[in-house]
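One structure is given here, and the rest of the page talks about it.
In this text the structure is predicted, and so the values were computed from the model without any measurement. Numbering of ligands and ligand atoms starts at 1, following listing order.
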Amino acid sequence: MHVPFCVVKCGYCDFNSYVVEDRSVHDTFLEALERELAASWRGAPPVSVFIGGGTPSLLDPARLERLLQILARHVDLKDAPEVSMEANPESLTEEKAAIARAHGVRRLSMGVQSFHPHHLRFLDRAHSGERAEQAFAEARAAGFDNLSVDMMFGLPGETFDEWRADLERAIALRPDHVSAYNLTFEPGTRLHRDMQRGEVEPNEQEVDRAMFEFTRSRLAEAGFDAYEISNFAGPGGPCRHNDHYWLQGDYVGIGPGASSHRQGVRTTNSKPIESWAKAALAGLPPSASAETLRPRQRAAEALWLGIRRRDGVDVAAVEARLDLPVREWFGALLDEQQRQGLVRWDGACLRLTGDGLLVADRVGGEYLAIGVDR
Ligand SMILES: C[S@@+](CC[C@H](N)C(=O)[O-])C[C@H]1O[C@@H](n2cnc3c(N)ncnc32)[C@H](O)[C@@H]1O
Ligand code: SF4
């Protein structure tokens, strides 16, 4: 479920989110959400429920409660194996955390990114490091025993020691899960434009590498399991929602810009809040595009998504699940990637090597290229 509102639009973020001053739009959003959910939910018990964004914690307490009540009309949140919500430090309060908890949210994911004031400013974040720590404590006080923290490294000008200090401060929060992303320059963002104009320079690759390797070793030492390139499971275990997505499960996306996937058919909702809401309120499907994944594309995506997981891809299982000759199509490429030392490939199971981990996007991109070309 996608909540598309943010206090500020962060310069690096290409997610479908907007700064909307007029709070009546929140009510329109909730009405449209209710209509879309009623029309598209088919009633099967979910593997996980994920309320993300944007910034779900930006909704005021009454509206947050209404959102959760709308969901509860269709999904038994108390029974769902995982119910997660994203929260930002500037807008989460103990009251909102308590409302979320009382309505069945059991996992909160807090966007912290950095603790350094100059980096937070550069990223356009609307909170301080101290506020992030406070919000984390408030979520604990509200009863959350599964709290995740999102951090980013490789920020322009960031030194290794700054990242080390950030990671230590994140670990000191005693989170139950950590996501640590290497900053990417997404086309269409302010950050990307600044880079093109020469106003911002990406960090040296060597510095990013050192940060990435340090992240893995330090989090391992602190008891976190690197179950995916950027995701580390502590006492809360891995995020089931992520795993379900990486394993090409079916999902229903509700809200502006949200995508759904059902058995190889992917639909994506209209991105602007107005056009999405107009369609949903008129009882029409608010999707802007639908594509039936071609067989090679589906196989390519299975490898591209799965290779990011520590357990890698059981290619034989993918062949059986999709009933497609994955090894015939991708075998030559996998042999070549193995020759280059990027993957371990024994003819059945595919995994990234240490070197492959550092260039995972390129390795995965090669699968997609084969999936698209033919
Ligand atoms: C889209 S945000 C939504 C959650 C929440 N609004 C927040 O700001 O934390 C999810 C996470 O994606 C990560 N993220 C967003 N854009 C990114 C980028 N360009 N590079 C790396 N990580 C990014 C951030 O760590 C962020 O916490
Ligand atoms: S990173 Fe989070 S707060 Fe910032 S614009 Fe994106 S969704 Fe909004």
Requested in this report: Please assess R339 against E336 for the test salt bridge (charged side-chain N to carboxylate O under 4.0 Å, His left out), listing each intermediate value before the final yes or no.
Outcome: CA-CA 5 Å; R339 206 186 53 72; E336 174 57 22; 2.9 Å; yes
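- Residues E162 and H118 bring a donor and an acceptor atom of their side chains to less than 3.5 Å of each other.
- Within 4.0 Å of ligand 1, contacts by protein heavy atoms are made from Y12, F15, G53, G54, T55, E86, N88, G111, Q113, R125, D150, M152, Y181, N182, L183, T184, E186.
- Taking the side chain as every heavy atom from C-beta outward, I99 and V105 never approach each other to under 4.5 Å.
- Between F153 and H119, the distance from one ring center to the other does not fall under 6.0 angstrom.
- Each protein N/O/S atom under 2.8 Å from atom 4 (Fe) of ligand 2 was counted, for a total of 1.
- In this structure Y251 satisfies the side-chain contact (heavy atoms from CB on, under 4.5 Å) test together with Y245, H261, R266, sequence neighbours excluded.
- No option in E301, Q263, R321 other than R321 meets the side chain to side chain donor-acceptor pair (under 3.5 Å) test with Q248.
- D79 is linked by a salt bridge (charged side-chain N to carboxylate O under 4.0 Å, His left out) to nothing, counting only residues two or more places apart in sequence or in another chain.
- Under the 6.0 Å cut-off for aromatic ring centres, F214 and F160 qualify, their centroids lying closer than that.
- Given atom 7 (S) of ligand 2, the protein heavy atom at minimum distance is G54 N, 3.3 Å.
- With salt bridges taken as basic N to acidic carboxylate O contacts below 4.0 Å, one links R131 and E138.
- Within the model, atoms CG of L92 and CG of L108 stand 6.0 Å from one another, a figure rounded to the nearest 0.5 Å.
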